[in-house]
Amino acid sequence: MEFRERFQKAKRALFDALYDTLNPEQRAAVYQVNDPLLVLAGAGSGKTTVLVKRIAHMIRYGNAYHSARMPADVSEAEVTALEGALSYDKEIIASILERYREDAPPAWAVLAITFTNKAANEMKERLAKELGVEEGTLDVWAGTFHSVCVRILRRYGEEIGLLRNFTIYDADDQKRIVKAVLKDLNIDDKMFPPRAVLPVISRAKDTMTTPVEFAASIGNDYRMKQIAKIYEAYQKRLKEANAVDFDDIIMKTVMLLRDVEDVRNYYQRRFRYVLIDEYQDTNAAQFELARLLSGYHRNLMVVGDDDQSIYKFRGATIENILHFDTAFEDARVIKLEQNYRSTSNILAAANAVIEHNDTRHGKKLWTAKEGGHKIVLAEVDDQTAEGVFISEKIMQLVRTEGRKFSDFAVLYRMNAQSNAIEKVLARSGVPYRVLGGTRFYERKEIKDIMAYLCLVNNPSDDLRFERIINEPKRKIGATTLTAIRDIALTEGIAMLTVCERASSYKALERVAPRLMEFAAMMESFRERQEILALSDLFRAVIDDTGYRAMLVAEGEESAERLENVEELISNAVDYEENNDNATLSGFLEEVALVSDIDNYDKDADAVVMMTMHSAKGLEFPVVFLPGLENGMFPSMAALTDHNELEEERRLMYVAITRARERLFMTHVKERLLYGSTQYNPLSRFVKEIPPLLLDKKDEREAPRARVSGGYQPTVIGGIGGPRKPEKTKTPVEVFAVGDCVQHQTFGRGTVLSVRSLGSDTLYEVMFDTVGTKKLMGNMAKLKKVE
DNA sequence: CACGCTCTGCCTGCG
DNA sequence: GCAGAGCGTG
């Protein structure tokens, strides 16, 4: 064998020994540091490990594995020594190999984009450990798309007309803007409610469509034309307020990089390596961003799993994964199919479910962990019984298997489900934490105080101005506000500036003193911002605005709000302690960009409850999946829309694959939701799991009167109504979700939902010919057909 | 302009 | 079941 060849072989064998905890595919991904690379990583296939090892590898060795170069002074003896070093300690092997590092980048040339801030921090932590350095000294850029983009925009946003202190608007802010715009444009908010308009605007931004382009693209559709007008006015408002929404953060960064050559050149040359996690959940704008950032060095690695794509509803496009190899021609593709997380029972169930999807790459996970516990499927009476089942199981497993509370996770479809379970856990003394739902920073009192702080930071923020100008009450009403707004608009200044100069406007004569007092107070906050510690500034705002006095005056009923406001101050103190240079804008940004899951603390010994969406990327020894009923999961909408159904099925796949050892699924006979009782059959997803993997635990109880076989659709009573035994009335036939029915005029249809409404029942029926109708059971004279 | 009452609509997932 | 909008009154 040629000498050089012997050297290469020995070198590579040593790398393989160094990474002997990885499987061959994982190692291939680590070694391949150059050129575009797509890693299709199944659930639990160790992709985070691969990401961390790969970054550490490139920083330490660069392209050493694949490089054909051999240092000029390598001797025969050295190669022989390499060949004999295989059995050495890994640390020794690692340091031997350092001599062959090739073209290794400094840490700051590596950009890693993750789905949550928490994932980014964990990655940095593990990376520091891997490299044996202090975490603070590691300057790899790691963050979410949003945090990375905000950082770029803060630095160069002025190039595209964004002032440095721009504000980030959340969903609630967006809604308010749309409402205001509708009023301006005299558009009926019943016809165009924000919840219908905002997703359209959001999708436009996901695909980099400006208001002008949007208007040009929609043809003659009246609705869309109106939305185009709203979109344009909405953007104008944001611009006036020097604010961006979440979608703007990505879109504007792409525009910045695309249109401003200097900025593009700077980042393209800086980022020699770009890595993106959870690539299946990226949208078109994020793809464009990835392409731009990696456009010079072309060392882009993306990791994803098409089966875990669960964010289509907010614009994610699976095409990014499917077409990666066309977008980047010389891309290499590596599949990771060995699952290290779950037992084979759990994995088999997950595989069986996902196989029902048509549109997928096709990939089958396997595990070496044979067998395991069967998946428990239990039917219980109602959501309280569901909670009791969960809490009893937890207690039992804590007792018999010595598990910790933090081993358990309850994953549900929607936040509304948490309440009933929470109540039971609390009653039985099971420690738990709920992620999501009404977040701390979404509470009214917190948003109010934050609005003051935002206004201090960005005086153009008219939205926040309007929120707090009369909170607490300052006798400034709607009429005055309209006047201020008109002046601000005609003069092209901020509403707060109008207040400052209030005495010079005739229209504001009567309220001028109050307005000027308010403006002076805000000005004093701005001055004090320079000298006060952050937490002291917060205290000043809470006290001087009269907000605290207001809450105190409200007494008992506002005690909790007062506590929350106090907690906000402690958050500021925390922030000061964790950041050497604690600024107001830094704090506001962190609050805007942090997600619930970022606050998930693994070390607290408590059961964790969250949505299935939030659980993506996490794993737990024991997982509970409550509410597995058609209509809940899959949701009503998914039952009638094929694409939607496939997306939910992927969500089911994600949920199942979170479990390492044990999986419990429950469904209820009757569910109280939004004030009415629903009777939904077992989720079709559960039926897709082979029965031999299941351990069915049907709760033993008095059998219910069955009406017409099949699932029991009887609807009894509504909210608060005493649930009487069903001996009375019901001369009318009752139906369940999924039943096929016949209507006199509408013809044949399928029951989509069943809801009790007083003594009657509201059915939503999708008819074969006339679409979906809502019908009252007593009136509609529906007949069941088989 | 503030307050309190009634009524309506909500009803997925999220950085 | 609840929050927010809308309306009428002091």
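Below, chain A is the first sequence line, B the second, and so on; all start at residue 1. Any value given below was found using the heavy atoms of this structure, including those in side chains, with hydrogens, waters and symmetry copies removed.
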- Message: Tell me whether the side-chain N/O atoms of A:Thr611 come closer than 4.0 Å to OP1 or OP2 in B:dC14.
- Response: yes
- Can you tell me how far P of B:dG15 sits from NE2 of A:His613, to the nearest Å? 11 Å
- Task: With sequence neighbours excluded, tell me which residues meet side-chain contact (heavy atoms from CB on, under 4.5 Å) with A:Asp188.
- Result: A:Lys190, A:Met191
- Calculate the interatomic distance between A:Gln174 atom CD and B:dC14 atom C1'; express it in whole Å. 11 Å
- Note on the structure: Contacts of A:Ser202 and A:Ser635 projected onto DNA chain B by closest heavy atom; the upstream (5') one is A:Ser635
- Message: Does A:Glu644 reach a base, just sugar-phosphate, or nothing at all? Heavy atoms under 4.0 Å.
- Response: base
- For A:Asp247, which contact category applies under a 4.0 Å heavy-atom criterion: base, sugar-phosphate, or nothing? base
- Message: I'd like to know if the side chain of A:Gln286 pairs up with that of A:Glu288 as donor and acceptor (distance under 3.5 Å, no hydrogens or angles considered).
- Response: no
- Task: Would you mind classifying the nucleic acid contact of A:Phe145 as base, sugar-phosphate or nothing, using non-hydrogen atoms under 4.0 angstrom?
- Result: nothing
- Grab the CZ-C1' distance between A:Arg671 and C:dG1 for me, whole Å please. 15 Å
- Task: Let me know the distance between CZ of A:Arg650 and P of B:dG13, rounded to the nearest Å.
- Result: 18 Å
- Message: At under 4.0 Å between heavy atoms, how does the protein contact nucleotides 3-10 of chain C? Give one character per nucleotide, 5' to 3', with B, S or -.
- Response: --S-----
- Query: For A:Tyr505, what residues pass the ring-ring contact (aromatic ring centres under 6.0 Å, His included) criterion, not counting sequence neighbours?
  - Reply: none
- Query: Under a 3.5 Å cut-off on both pairing distances, which runs of 3 or more consecutive Watson-Crick or G-U pairs involve DNA chain B?
  - Reply: B:1-10 with C:1-10
- What's the CZ-C1' distance between A:Phe246 and B:dC14, to the nearest Å? 8 Å
- Flag, side chain of A:Thr253 to backbone of A:Ile249, donor-acceptor distance under 3.5 Å: yes
- Message: Rounded to whole Å, how long is the line connecting atom CZ of A:Arg314 with atom C1' of B:dC14?
- Response: 4 Å
Using nucleotides 1-3 of chain B, report all nitrogen or oxygen pairs with the protein that are shorter than 3.5 Å.
{"unit_1": "B:dC1", "atom_1": "OP1", "unit_2": "A:Gly477", "atom_2": "N", "d": "2.8"}
{"unit_1": "B:dC1", "atom_1": "OP1", "unit_2": "A:Thr480", "atom_2": "OG1", "d": "2.7"}
{"unit_1": "B:dC1", "atom_1": "OP2", "unit_2": "A:Thr479", "atom_2": "N", "d": "3.4"}
{"unit_1": "B:dC1", "atom_1": "OP2", "unit_2": "A:Thr479", "atom_2": "OG1", "d": "2.7"}
{"unit_1": "B:dA2", "atom_1": "OP1", "unit_2": "A:Lys475", "atom_2": "N", "d": "3.0"}
{"unit_1": "B:dA2", "atom_1": "OP2", "unit_2": "A:Asn470", "atom_2": "ND2", "d": "3.3"}

- What residues form a ring-ring contact (aromatic ring centres under 6.0 Å, His included) with A:Tyr653, not counting sequence neighbours? none
- Using only side-chain N and O atoms of A:Ser614, determine if any of them is under 4.0 Å from OP1 or OP2 of B:dC14. yes
- Message: The criterion is ring-ring contact (aromatic ring centres under 6.0 Å, His included); which residues satisfy it with A:His146, sequence neighbours excluded?
- Response: A:Phe246
- Message: Quick check: closest heavy atoms across A:Lys175 and A:Pro194, and the distance to 0.1 Å?
- Response: CG-CB, 3.5 Å
- Rounding to a whole Å, what distance do you find between A:Asp281:CG and B:dC14:P? 12 Å
- Which residue pairs pass the salt bridge (charged side-chain N to carboxylate O under 4.0 Å, His left out) test with at least one member in residues 636-646 of chain A, sequence neighbours excluded? none
- Message: Which residues pass the ring-ring contact (aromatic ring centres under 6.0 Å, His included) test with A:Tyr234, not counting sequence neighbours?
- Response: none
- Residues that A:Ser147 engages under side-chain contact (heavy atoms from CB on, under 4.5 Å), provided they are two or more places apart: A:Asn117, A:Thr144, A:Leu593
- Task: Not counting sequence neighbours, which residues clear side-chain contact (heavy atoms from CB on, under 4.5 Å) with A:Val200? List them please.
- Result: A:Phe214, A:Met224, A:Ile227
- Message: Between C1' on B:dG15 and CD on A:Glu590, what's the gap in Å once rounded to a whole number?
- Response: 14 Å
- Can a side chain N or O of A:Asn117 be found less than 4.0 Å away from OP1 or OP2 on B:dG15? no
- Message: Can you list everything that forms a side-chain contact (heavy atoms from CB on, under 4.5 Å) with A:Ala409? Sequence neighbours excluded, please.
- Response: A:Leu411, A:Val608, A:Phe620
